[in-house]
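Remarks on the structure that follows.
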Amino acid sequence: MKFEDKIIYQIYPKSFNDSNGDGIGDLQGIIEKIPYLEQLNIDMIWFNPFFISPQNDNGYDISDYYHIDSRFGTMADFEELVSKLKAIGIEVMLDMVFNHTSTEHEWFQKALNGDPKYLDYYYVRDPKPDGSPPTNWRSKFGGSAWEPFGETGKYYLHLYDPTQADLDWHNPAVRNEMSKIVNFWRGKGVKGFRFDVINVIGKDSHLIDAPVDSDGKFLYTDKKIVHQYLRELNQTSFGQDPDAVTVGEMSSTSIENCIEYTLAERNELSMVFTFHHLKVDYKHGNKWSTTPFNFMNLKNILNDWQLGMTSGHGWNALFWNNHDQPRALNRFGDPVHYREKSAEMLATTIHLLRGTPFIYMGEEIGMSNPQYKKLSDYNDIETKNAYAELLENGNSPAEALTIIQAKSRDNSRTPMQWNQSEYAGFSTQTPWLMPTNQAIVNVENELVNGEIFNYYQKLIKLRKSHPIISVGDYLPLLMNNTHVFAYQRTLNNQRLIVLNNFYGTKTTIDLPEFDGISSVIITNYSTDVPLTSLMTLEPYQSIAFLIE
Ligand SMILES: O=P(O)(O)OC[C@H]1O[C@H](O[C@H]2O[C@H](CO)[C@@H](O)[C@H](O)[C@H]2O)[C@H](O)[C@@H](O)[C@@H]1O
């Protein structure tokens, strides 16, 4: 499958639709909503993991890669879902969490029981001579990255939660297991694979301390060998299917590496998720802080990645939202005064760039953060650890709450809001996370009175009908402007000029003269205006001109 003109929709199964009234979304619930998905004209759906898991990290701690967790349904439900989606031209993308397994996985359990075969599946190491963990590495979820390995006196590595043990990819048997898993799901008709934090699988065999002034990420991120592992996985599994689409989630990566991960002739991956543009509201690089987003940084990062990936022939996944990110509408838009206009402006910015757009469920109806009032409203392990650390570091409970309200991953994990009822039409029982503003934001209302869903439909149609959007080159425009993110796309004699006002005030811009006849192909305001050298954009206005 070509992926340049495709649109991928992300579903967090736990929160999409609950068909059996247990407060948790499930596969039958997704099947019920296929007619809704069909209206968007998307090509593929990425599902977050629904494999067997103790759910300490909501399914990113897998204890059995070959079965559906009964909370979500059965293999028969999955097969029904795949075939019903295929019937309307939508393919399935599954989430392959291959950096680590749950400590409940039988491989880890066998290793714990001393089975030498499975000991070699993980990073099990002796402590330092003083008895402390083998290295000073920190877990990305807080605390040491090492946990005692049962009663053995050794430690095992976990870059994430202690219940997520890192696999040792140096071991060919581990790599073979990973291909087997991908091939099993290919056998079920799956065409897409998203590889979780795949650029941290290349840790050295001999692990060393991080320098005191460094977070040590360079010791395990984007190591050269990751490219080799990906080529091998490609060759032994998804690469055998010319229609496969793959996306690697890249933690703290670089443009150079992402070109290599996605250059077609290198046979690694189709595209990458990168996160630099979503760290522009981190104070001094610290996620657990609140500060307004830095617009010029955002522009520069998006521009650098567009230019870099274009010139290196790499390919980006384009996105604002996912299940780990607070809603972009709260971060870069205005959910109170300009909910619709700012949601549409953000969508335009991403959808007209070079890359493959991903839509995270609810974004197409303008869903926003829930603004929970107390810690117990949250579920996420990372959030709870961060809250405890914020208190340890001297923040008051109110300050810590303000920060997690802004940054918690649960912000995007709240149930999809189908209607304005108590549980937002998601479930008949108390959901695992509560919806909060379904009285205003819900599908039923959006489809009758709203404009965001309809605007997404237009953007999706445009990518499919205009090759300049899917395959055109990217060029920057107005890089010094402090309110507008503007760019050009070019293909043969055509140009597409895209203007996006990121603020809730009118702004006037001074554009270069463009030759040719221009027409507006999309705008989120009702009046079409001609392309002139001096232009005034309305609050959060987006407008795109095609010049022939
Ligand atoms: O923030 P980065 O270091 O650039 O990393 C990107 C994301 O990585 C992690 O996400 C994924 O892996 C986790 C462990 O399997 C899982 O909890 C998460 O849901 C996955 O998407 C990290 O948790 C995210 O916060 C980062 O955005």
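Just follow the structure's listing: the first ligand is 1, and inside any ligand the first atom is 1.
When hydrogens are left out, the protein atom nearest atom 8 (O) of ligand 1 is Val197 CG1, 3.4 Å; that is the closest non-hydrogen contact. Counting protein heavy atoms only, atom 16 (C) of ligand 1 is closest to Asp57 OD2, 3.3 Å. Of all protein heavy atoms, the one lying nearest to atom 26 (C) of ligand 1 is Asp324 OD2, 4.2 Å. With hydrogens left out, the protein atom closest to atom 27 (O) of ligand 1 is Gln325 NE2, 3.7 Å, a heavy atom. Closest to atom 3 (O) of ligand 1 among all protein heavy atoms lies Ser251 OG, 2.7 Å. Annotation: atom 15 (O) of ligand 1 to nearest protein heavy atom, Asp196 OD2, 2.7 Å. In this structure, atom 7 (C) of ligand 1 lies nearest to the protein heavy atom Glu249 OE2, 3.3 Å. The protein heavy-atom contact nearest to atom 4 (O) of ligand 1 is Lys279 NZ, 2.9 Å.
Only the side chain of Arg194 comes within 4.0 Å of ligand 1, judged by heavy-atom distances.
Those atoms of ligand 1 with a heavy atom of His100 less than 4.0 angstrom away are 14 (C), 15 (O). Atom numbering of ligand 1 starts at 1 in the shown order; those under 4.0 Å from a heavy atom of His323 are 18 (C), 19 (O), 20 (C), 21 (O). Atoms of ligand 1 found under 4.0 Å from any heavy atom of Ser252, numbered from 1 in the order shown, are 3 (O), 4 (O).
Asp324 and Arg413 are joined by a salt bridge, as a carboxylate oxygen and a charged side-chain nitrogen come within less than 4.0 angstrom of each other. By the 4.0 Å N-to-carboxylate-O rule, Glu382 lies too far from Lys407 to be salt-bridged with it.
Look at Phe141 and you'll find a heavy atom under 4.0 Å from some atom of ligand 1.
Below 30°, between 30° and 60°, or above 60°: for Phe273 and Trp46 the angle between ring planes is between 30° and 60°, a tilted geometry. Ring geometry for Phe295 against Phe502 counts as tilted: the plane angle lies between 30° and 60°, on a 0 to 90° scale.
Two residues are said to be in side-chain contact when any heavy atoms from C-beta on lie closer than 4.5 Å; Thr74 and Asp77 meet this criterion.
In this structure, Lys203 forms no cation-pi arrangement with Trp137, as its terminal cationic atom is not both closer than 6.0 Å to the ring centre and no more than 45° off the ring axis.
Residues Gln325 and Arg331 have side chains that bring a donor and an acceptor to within less than 3.5 angstrom of each other. Side-chain atoms of Asp69 and Ser53 form no donor-acceptor pair, as typed in the model, at a separation below 3.5 Å. Counting only N and O atoms by type, the side chains of Glu177 and Tyr65 include no donor and acceptor under 3.5 Å apart.
Within the set Lys140, Lys217, Arg409, Glu382, the minimum heavy-atom distance to atom 23 (O) of ligand 1 is found for Arg409.
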